[in-house]
Every structure is written in structure tokens, then in C-alpha cells.
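Have a look at the structure below, then the notes.
Letters A, B, ... are given to chains in the order of the sequence lines, protein chains preceding strands, and every chain is numbered from 1. These numbers come from the heavy atoms of this one structure, side chains and all, not from hydrogens, waters or symmetry mates. Everything quoted here is computed from the prediction, not taken from an experiment.
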Number of protein chains: 2
Amino acid sequence: MIEIGEVTVPAATVARLPFYLRALRDLTREGVATTSSSDLAERSGVGSAQLRKDLSYLGSFGTRGVGYEVESLSSYIAAALGLGSEHRLAIVGVGNLGHALANYSGYAARGFQVVALLDADPAVVGGRAAGIEVEHVDHLERIIVERHVSMVVLATPGPPAQGIAERVVSAGVREILSFAPVALHLPDDVVVRSVDVAGELQILAFHAAARHANGVAAPGADVPAS
Amino acid sequence: MIEIGEVTVPAATVARLPFYLRALRDLTREGVATTSSSDLAERSGVGSAQLRKDLSYLGSFGTRGVGYEVESLSSYIAAALGLGSEHRLAIVGVGNLGHALANYSGYAARGFQVVALLDADPAVVGGRAAGIEVEHVDHLERIIVERHVSMVVLATPGPPAQGIAERVVSAGVREILSFAPVALHLPDDVVVRSVDVAGELQILAFHAAARHANGVAAPGADVPAS
DNA sequence: TATTGTGAACTACTTCACAGCA
DNA sequence: TGCTGTGAAGTAGTTCACAATA
């Protein structure tokens, strides 16, 4: 539940806005000018009532009997997501994953810009990734302030993550995306999104175990529901 | 809501089990033999009532007035998560991200094993990552069957993802972890978990925009609640 | 006495179903 | 006529608060 100005938007709705935006941009690329809640929902992987309800939290964008204009809805959602303002990222931890994240090409198109790479390992510091020099994490606070970093991506191992996160917050950053396998304890006004690849695999493993416990034999064979 | 044998476990609970397991393994590493719901919850980043309620869906593991035995709870959760059985993974798409995922070192400890890397790009096929040869995605079905692959990690670009996912499913795989920025349409009995880095950043951007709309001036300054 | 396990209350989210409107 | 926008109903998830008990 997130307050923005007068209105309140459910967190679950916010988490789906990126899907809608992605689908709308695909439509633009295909040269489609108008769409409906059912088409857009289908492309986004949600139900059409869900989509209409989600949009209703932000305002009223469609035309009854007709649908939505792709361009205007797309710009509206992009604006709601705060794209358009420039978001300056620092990536802390330039191992396998940090390296891959630095090289990810989708940032620019979406209003994000990587302005610093930091690591603690002397073997990595001084090197380059994606054309950016890797600097020592000791200078984290200075770099955040000088380069107006507004979001930090944590791609460090678990143990140093809490300490680095605290330093990041003390330097003024309030939005953190963490890939570190630990629960971060930070002030309530800091927003942390965590991505845990090992955890996702474990969730899949739970489903696989449930499937077997419920007695599915061969691939392709299905258990009749209830 | 997931049925397993007699009992029903909320999906939200399943998604937290990996956090509990991680915290328990940290405790083991620290040589702690016994813990309480409040300590374990704190380490997992959830409330203690939440943790107790979650465990109650799986059974009754603690001792009133005392707490939980770390080792036995840890093994129980690992078993519930289907670790212990071996899970054989194929990674499709060996770009930056696929490469990083192949090199991720956390698999073995958790019962996962990468047994194939696949890509469509002739420049990548034949190369190696993490000591495994990259094979052509044309052979996907054969490789899945021959090597008993039970889970697939999709790290391809968006456009080919749907087609590859369908082939993966037709070869018998029912658990997919996707990093591709598209909604996959697959039969209901297939479990798909999606990770969308760009989407996560957009969600953070929404929070940043909300913060500014609600009038926060300088870093460190807080808006009083309500 | 301290801490678990759990009904009950509450909150959040989703889906339905239809009135409203171009 | 067809599709949006939205109250109302239904479902899922969280938190409370306390009885059970080692």
C-alpha cells in the first residue's frame, strides 16, 4: 500500500505496472495504436479485471466501448513509474553477477544509468566492466554524493551486505536492489527489493516435491484436479 | 495455496521457507543449537507470529517455553523444499546473465546441479562456461531427456523465450525459472517463477517518485507518517 | 516462566458482475 | 453495442492475543 499524493496504490499493483509497460512498448513496436484490457492483460500475463482495477488506482485512461490508446497509456505508466527522471545507479560487488548486471543493456532505454562500479577486491578494483572503471568500495560515500547516485544495486556476498547497505543509506540512498542472500535491516523509509536466485530454485523444488508427493508418474501425465 | 499430501500450504509461506532455511544454516555455522521464533524471524526479516504461523502449516517443531532445535528444523525445512533429491538444471541462454548463473557457486550446496548449457548463437556454442560445454539449443529436447533435466533456467532475450519454454515443457520439464522479460503462456501444471531486474528497478523508481511527490527535500530528512 | 501453536480478527488483494458511457 | 471503471463479494494472507505446555 503506497501513498502517492492523494491516492493510495496497492503494492501488488505497483509490482505489475512494469509488466503493463512492457506489453505497451511491445504494442508500440508492433505499430498497434489501440488496445483493450483483455488484449493487454493477456500480453501481461494477468486477468483483464485485474488490469482494469490496477489502472483504476492511477486514474481513468480508456474509452468505454473502445479501449486504450497505446501511446498515451504507455507514457502515463512510465511517468507513474518515475521513468523520465534520470535514475543514477551504483553497483556494489563486481563478481559474476555484478559484471552481468553492469553489462545489461536495458538500462538506458528505461531511464537508468550506471554511474559507478565498486568492489572490495584489489584484483577487481582498477579493472573495467561495461566501459566503467571499478573503484574501491572504501570511497562509496564520496562517490554516491559526488555522482548523485539515487539507487544502489548490491551484488556482494551475504556477509558484507548489511554493513555496505548501512553505509549506502547513511550516504542518502533510499532505494536498494539486493542480490545478497541475507535479510537487510534498514530504516523503514528505505525501500529494499531483494532477488534471491537460490531461493527461487528452492521454491520450484518445493513444487516439484509437491507434484511427486501427490503422485505424478511420467512427464506429461497429469493429476486430475481434486 | 499449494496442496502437498493432506495439507495445504499458502504460496506466500512457501516463498518464505528459503529465508528460514538460510537463517537456520547461518545458525548452524555459528554453532548455535537452539533458537526461538523471535530470533529466527529477526534473522529472516519477518515477524515472529508470521514465522510461527508458517511453520504451523508444515507441522509442530518447537518446544513451548524453549524454542526450536536448529538442526532438526533445518533438515525438516530442507526436506519440505525437496532438497536432498537431486535437481538437474539446464540453463538456456549463455549471454552475460546465463554465464553468471552458470558460474554461481551456490548450487551444489543446495542440491542443484547444472548439467547443460544451451544457446542459439554459433559464436557461443562450443565454448565453455563453468567447465561445461555450451551446446546448440536445437538439441534441447534430446538433452533434457538424456540428462534427466528437471528444471530449466531461461536466460534468453524476450522474443525466443515463449517458443523455447514450449519446447522445454513438451520435453517433460514442469519447473521453469525465467529471466526473460515476457509473460510466458504455458499449461497450468507448469510452475514458472520470473525474475525481472528491469522491473525491480522500475518498482524502486515508483517509490522514489512517490517519495518526491510526498515532498521529501534533502537526503536524511523524513516525512512524518500521516 | 518463557515460548510455542493457533483460533479469531483484521487487512490486503482478487474476481465478479454490472452500471455507465462512447 | 462493446468495453471500461468500479462497488460488492469472495479469497488469501497477516497480525493479534492468549491458551497450552515443557
Side-chain angles (χ1 to χ4, degrees), chain A residues 1-4 6-17 19-20 23-24 27 32-70 72-73 76-77 80 183 188 203 206 225-226, chain B residues 1-4 7-17 19-20 23-24 27 32-70 72-73 76-77 80 183 188 203 225-226:
Chain A
M1 229 66 169
I2 299 145
E3 313 251 332
I4 178 162
E6 295 301 282
V7 292
T8 293
V9 183
T13 293
V14 174
R16 281 185 295 267
L17 295 179
F19 304 160
Y20 303 152
L24 286 163
L27 285 166
V32 177
T34 297
T35 186
S36 64
S37 64
S38 47
D39 173 51
L40 190 52
E42 158 81 15
R43 289 166 176 268
S44 310
V46 307
S48 69
Q50 177 90 266
L51 179 133
R52 292 199 304 278
K53 180 60 98 176
D54 282 342
L55 294 183
S56 79
Y57 292 113
L58 303 176
S60 176
F61 306 103
T63 307
R64 288 168 202 245
V66 179
Y68 302 93
E69 213 208 311
V70 171
S72 69
L73 183 54
Y76 189 90
I77 294 179
D188 285 350
I203 294 167
F206 181 95
S226 95
Chain B
M1 229 67 168
I2 298 145
E3 312 252 333
I4 179 165
V7 293
T8 294
V9 182
T13 293
V14 173
R16 282 186 294 267
L17 294 179
F19 304 162
Y20 303 152
L24 286 163
L27 285 166
V32 177
T34 298
T35 185
S36 64
S37 65
S38 48
D39 173 50
L40 190 52
E42 157 81 15
R43 287 166 177 271
S44 310
V46 307
S48 68
Q50 178 89 263
L51 178 133
R52 291 199 304 277
K53 181 61 103 178
D54 283 342
L55 294 183
S56 80
Y57 292 113
L58 303 177
S60 176
F61 306 102
T63 307
R64 288 167 200 246
V66 178
Y68 302 93
E69 212 209 313
V70 171
S72 69
L73 184 55
Y76 190 90
I77 294 179
D188 285 351
I203 293 167
S226 97

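In this structure E42(B) satisfies the side chain to side chain contact (heavy atoms under 4.5 Å, CB included) test together with H185(A), sequence neighbours excluded. Shown here are the salt bridge (charged side-chain N to carboxylate O under 4.0 Å, His left out) partners of R43(B), two or more places apart in sequence or in another chain: E30(B), D39(B).
Counting 5' to 3', DNA chain D first comes under 4.0 angstrom of a heavy atom of chain A and last does so at the ends given by dG2(D) to dA8(D). Where DNA chain C meets chain A (any atom under 4.0 Å from a heavy atom), the bounding nucleotides read 5' to 3' are dC13(C) to dA22(C).
The nearest pair of heavy atoms linking S44(B) to A23(B) is OG-CB, 3.6 Å. Between I77(A) and L17(A), the shortest heavy-atom contact is CG2-O, 4.0 Å. Nearest approach of I2(A) to A11(A), heavy atoms of both residues: CD1-CA, 3.9 Å. The two atoms that bring S38(B) and S48(B) nearest to each other are CA-CB, 3.8 Å, heavy atoms only.
Mapping T63(A) and M1(A) onto DNA chain C by nearest heavy atom places M1(A) closer to the 5' end of the strand. Where R64(A) and T13(A) each meet DNA chain C at their nearest nucleotide, the meeting point lying more 5' is that of T13(A).
A salt bridge (Lys or Arg N to Asp or Glu O under 4.0 Å) check over residues 46-62 of chain B, counting only residues at least two apart or in different chains, returns the pairs R16(B)-D54(B).
Within residues 40-60 of chain B, the residues having any heavy atom closer than 4.0 Å to DNA chain C are, in order of number, R52(B), K53(B), S56(B), S60(B).
The OG atom of S37(B) sits 8.0 Å away from atom CG of L40(B), with the distance rounded to the nearest 0.5 Å. The CG atom of L24(A) sits 10.5 Å away from the OH atom of Y68(A) when rounded to the nearest 0.5 Å.
Between Y57(B) and P10(B), some side-chain heavy-atom pair lies under the 4.5 Å cut-off.
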